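In what follows, a single structure is set out as structure tokens and then discussed.
Both backbone and side-chain heavy atoms feed into the values below; hydrogens, waters and symmetry mates do not. Everything numeric in this text was worked out from a predicted model, so none of it was measured.
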Amino acid sequence: MAEKIKVLISEEEVNERIEALGKKISEDYAGKQIHLICVLKGGVFFMCELAKRITIPVSMDFMSVSSYGDGTSSSGVVKIAKDLDESLEGKEVIVVEDIIDSGRTLSYLLEILKKRGPKSMGLCTLLDKPDRRVKDVKVDYVGFEIPDEFVVGYGLDYAQKYRNLPYIGVVEGVE
């Protein structure tokens with residue numbers, strides 16, 4: 001059976017929420033420069049749109065970590081595939097994620113990054129699935145809290161497909 005995508009959060013709703021997040025971050029860090037760390041691959045769509053809506057100086061870096069195999073659930077094994085290019089020493093850092101699920105990956109990642117001497121560290125996610133949380137992770141900025149469904153779009157994929165959808169959809173028809 002071929003999968004179908006049902007719209008969960010419209011493109012308009014996503015854009016409005018990212019606008020609000022950008023405004024809030026700009027207010028919270030007024031007079032400062034922030035360093036955004038994108039967790040690849042899924043976070044890149046969200047981080048680029050978020051950065052455009054932040055009105056204070058922004059620098060960016062990218063990191064690729066994963067606790068997923070080829071399946072749809074966390075394996076609990078975290079792997080760093082690409083580390084940061086820049087030092088975090090003394091920087092106001094915000095880690096940007098597409099989705100927080102079990103929290104295993106982020107819990108591990110945040111511990112590593114805190115040891116690198118940032119002045120402060122925040123966490124911003126487009127989507128949060130608190131019902132799936134296994135590790136406690138403090139999230140400073142949340143786009144949307146969503147139910148425990150398999151979602152795609154805005155950077156999130158199913159078998160490397162659907163990342164480019166401009167909305168958040170639920171995958172139906174997946175065995």
Does [X] have any side chain to side chain contact (heavy atoms under 4.5 Å, CB included) partners at least two apart in sequence or in another chain, and if so, which?
X: Glu27; value: Lys23, Lys24
X: Lys119; value: Glu92
X: Glu145; value: Pro130

Gap separating the [atom1] atom of [X] from the [atom2] atom of [Y], nearest 0.5 angstrom:
X: Lys6; Y: Ile168; atom1: NZ; atom2: CD1; result: 13.5 Å
X: Leu88; Y: Met121; atom1: CG; atom2: CE; result: 6.5 Å
X: Ser120; Y: Lys114; atom1: OG; atom2: NZ; result: 11.5 Å
X: Met47; Y: Leu36; atom1: CE; atom2: CG; result: 5.5 Å
X: Asp128; Y: Ile100; atom1: CG; atom2: CD1; result: 5.5 Å
X: Tyr154; Y: Asn164; atom1: OH; atom2: CG; result: 12.0 Å

Does [X] come within less than 4.0 Å of [Y], counting only side-chain N to carboxylate O?
X: Lys4; Y: Glu172; result: no
X: Arg17; Y: Glu13; result: no
X: Lys138; Y: Asp140; result: yes

query: Can you tell which of Ile112, Val39, Leu40 makes a side chain to side chain contact (heavy atoms under 4.5 Å, CB included) with Val65?
result: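 The single option meeting the side chain to side chain contact (heavy atoms under 4.5 Å, CB included) with Val65 is Val39.
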
- request: Check Asp98, Val171, Leu126, Leu165 against Leu156 for a side chain to side chain contact (heavy atoms under 4.5 Å, CB included) and give me the one that passes.
  value: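 The residue from Asp98, Val171, Leu126, Leu165 that satisfies side chain to side chain contact (heavy atoms under 4.5 Å, CB included) with Leu156 turns out to be Asp98.
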
How close do [X] and [Y] get, counting heavy atoms only, and between which atoms?
X: Gly43; Y: Cys38; result: C-SG, 3.4 Å
X: Ile94; Y: Ile25; result: CD1-CG2, 3.7 Å
X: Ser10; Y: Tyr167; result: C-CB, 3.9 Å
X: Leu21; Y: Cys124; result: CD1-SG, 4.4 Å
X: Gly169; Y: Ile5; result: CA-CG2, 3.8 Å
X: Leu50; Y: Gly22; result: CD1-N, 3.7 Å

Got more than 12 heavy atoms from elsewhere within 6.0 Å of [atom1], [X]?
X: Tyr108; atom1: OH; answer: no
X: Asp148; atom1: CG; answer: yes
X: Lys82; atom1: NZ; answer: yes

Considering only heavy atoms from C-beta outward, does the side chain of [X] approach that of [Y] to under 4.5 Å?
X: Ile9; Y: Leu127; value: yes
X: Val95; Y: Leu106; value: yes
X: Ile37; Y: Phe62; value: no
X: Arg163; Y: Lys41; value: yes

Between the side chain of [X] and the main-chain N/O of [Y], is any donor-acceptor distance below 3.5 Å?
X: Asp61; Y: Glu86; value: yes
X: Lys91; Y: Ser87; value: yes
X: Ser26; Y: Thr55; value: yes

- prompt: Just checking, is any N or O donor in the side chain of Tyr141 or Asp28 under 3.5 Å from an acceptor N or O on the other one?
  reply: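 Tyr141 vs Asp28: donor-acceptor pair found between side chains.
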
field: Modelled atom types, side-chain donor and acceptor of Glu3 and Tyr162, under 3.5 Å
entry: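 A donor-acceptor contact under 3.5 Å links the two side chains.
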
message: Is the ring pair Tyr158/Phe150 parallel, tilted or perpendicular, if the boundaries are 30 and 60 degrees?
response: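 Ring orientation, 0 to 90° scale: perpendicular.
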
- prompt: For Glu49 and Arg53, what are the C-alpha separation, side-chain angles and deciding distance, and is it a salt bridge (Lys or Arg N to Asp or Glu O under 4.0 Å)?
  reply: CA-CA 7 Å; Glu49 291 302 316; Arg53 291 162 171 92; 2.8 Å; yes

